[in-house]
Amino acid sequence: MDTAQSSVEQLFAPYSPDFVADPYPAYAELRARGRAHWYAPTRQWLIPHHADVSALLRDRRLGRTYRHRFTHEEFGRTAPPAAHEPFHTLNDHGLLDLEGADHTRIRRLVSKAFTPRTVENLAPTVRRLAADLVGGLVARGGGDLLADVAEPLPVAVIAELLGIPEDDEERARLRPWSADICGMFELNPTEETARRAVRASLEFSDYLRELIARRRTDPGEDLISALIEAHDEGERLTEQEMISTCVLLLNAGHEATVNTTVNGWWTLLRHPDRLAALRADPDGLLSTAVEELLRYDTPLQMFERWVLDDIEVGGQVIPRGSEVALLFGSANRDPARFGPTADVLDLSRAENPHITFGAGIHYCLGAPLARLELTALFTELLHQAPTLHLTEEPRRKDGYVIRGVEKLLVEV
């Protein structure tokens, strides 16, 4: 191993608890050393600069998949194990992992059902749920902000959006299903992680298939009914596309809300002067504060892309068949884009072009809903729990890609 490669592997250590706890100093060093770094353990090119990450998210020479253009053999890759097929069937039919004509068609059809009015109509429900969850936490004198507030809200909202009945026992399985499926997005997931993801994919798909069948004969004012009705020039979503869309909305929709809530409050509690300023002027600061917390400790640290045609980054040719790891967490702390205060928590930051929700054709469709949920939760916590404080130092979850904590114990 040459010196440069050894140095990169010492800096970028996603399996190290110390690195996961605070990757930002390592990101700064990676940015200082260049624009593209080969990382042998995962056979990926690390891209740490905001300008490059932003540009590559929009570059059609890269893709979330290569299967719309190449076979596995043509691309120099091995097909996933047959035992993992249920996960890949579910994942590969969702907007996040589609390219080309299929992505365009499905995004157009989903957009007809998941409209700005859909989110607007959910606002009263989101605010009521947030008020109730925070009220319960306050009544108990505290608890786990993760399990008692941050997790239940987006799951309840997605259940409401999909039209899952309140008395349906499967509501309680949404979060575990999502967590098991999302485990496959970590670097080099284990075979046990894959088994859990496959099981969750099968169970969740079976449940949604039954729900779709019910909505075909008894439609309601919910997203599944709208997806069934969505059509354009004779084109409709297949059943698998509807299932994959619903699962993606849950997975992507709740991860940003859950982890930004807990990461954000842990950040605020470590910056008491900033928290005091926010508590003193929530109406004036909250909108920029939410964006800053999304930037400052990014809930999704890395996003991967396949190189479909040769590209060049900083003089380094990255050939077709390679994989790039776009370091969102690094890009969101890049002084070249955010100035000398890139590592400073500035809740009043007016210009904040963070890429937490991605960019280009894969920009997060649920970003408005995530912002609505975050604003509702932070509003209620600031209002109902003005003395909220930690009772125990939290521990980071082991995973690197999805950044969160195991629990956030607080007292009010």
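- The pair R320-D310 does not meet the salt-bridge criterion, since no charged nitrogen lies less than 4.0 angstrom from a carboxylate oxygen.
- A salt bridge between R67 and D92 is absent, with no side-chain N of the basic residue lying under 4.0 Å from a carboxylate O of the acidic one.
- By the 6.0 Å and 45° rule, R175 does not stack over the aromatic ring of W177.
- The existence of a salt bridge linking R69 and D309 is confirmed by a sub-4.0 Å separation between a basic side-chain nitrogen and an acidic carboxylate oxygen.
- A salt bridge does not link R43 with E323: none of the charged nitrogens is closer than 4.0 Å to a carboxylate oxygen.
- No side-chain donor-acceptor contact under 3.5 Å links T341 and D346.
- With hydrogens and angles ignored, the 3.5 Å screen pairs no side-chain donor or acceptor of D168 with any backbone N or O of I164.
- Judged purely by atom type and a 3.5 angstrom limit, H103 uses its side chain to pair as donor or acceptor with the backbone of I361.
- A side chain to side chain contact (heavy atoms under 4.5 Å, CB included) with W265 is found for exactly one of L275, L390, T260, namely L275.
- The existence of a salt bridge linking R61 and E312 is excluded, since no basic side-chain nitrogen approaches an acidic carboxylate oxygen closer than 4.0 Å.
- Taking both residues in full, the closest heavy atoms of I47 and A36 are given as CD1-CB, 3.9 Å, listed atom of the first, atom of the second, then distance.
- A donor-acceptor contact shorter than 3.5 Å is absent between the side chain of S225 and the backbone of P219.
- In the model, Q44 has a side-chain atom that pairs as donor or acceptor with a side-chain atom of T42 under 3.5 Å.
- Ionic pairing of E166 and R171 is not present here: no N-O contact between side-chain nitrogen and carboxylate oxygen is shorter than 4.0 angstrom.
- More than 12 heavy atoms of other residues, nucleotides or ligands sit less than 6.0 Å from atom CZ of R107.
- Using a cut-off of 4.0 Å between Lys/Arg side-chain N and Asp/Glu carboxylate O, R60 and E99 are scored as salt-bridged.
- Remark: D343 engages R333 in a salt bridge, criterion side-chain N to carboxylate O under 4.0 Å.
- Ring-plane geometry between Y66 and W306 is classed as perpendicular, the angle between the planes exceeding 60 degrees on a 0 to 90 degree scale with a lower cut at 30.
- Of the candidates Y15, F185, F12, F12 is the only one forming a ring-ring contact (aromatic ring centres under 6.0 Å, His included) with Y400.
- Heavy atoms from other residues, nucleotides or ligands lying under 6.0 Å from NE2 of H383 number 12 at most.
- Under the 4.0 Å criterion applied to side-chain N and carboxylate O atoms, D297 and R396 are assigned as salt-bridge partners.
- Classification of R295 and E291 as a salt-bridged pair fails, no side-chain N sitting under 4.0 Å from a carboxylate O.
- Across all non-hydrogen atoms, the minimal contact from N263 to G404 is OD1-CA, 3.8 Å.
- With S205 contributing its side chain and L202 its backbone, the two residues share no donor-acceptor pair below 3.5 Å.
- Checked against the 6.0 Å centroid threshold, F357 and F328 do not count as a close aromatic pair.
- A side-chain donor from one of S54 and R58 sits under 3.5 Å from a side-chain acceptor of the other.
- For the ring pair (Phe, Tyr, Trp, His ring centres under 6.0 Å) test, no residue two or more places apart in sequence or in another chain qualifies with H49.
- Around atom CD of E169, no more than 12 heavy atoms belonging to other residues, nucleotides or ligands sit under 6.0 Å away.
- Using the six-membered ring where Trp is involved, Y24 and Y27 have ring planes that are perpendicular, over 60° apart on the 30 and 60° scheme.
- Between K407 and E151, none of the side-chain N atoms (NZ, or NE/NH1/NH2) sits under 4.0 Å from a carboxylate O, so this pair counts as no salt bridge.
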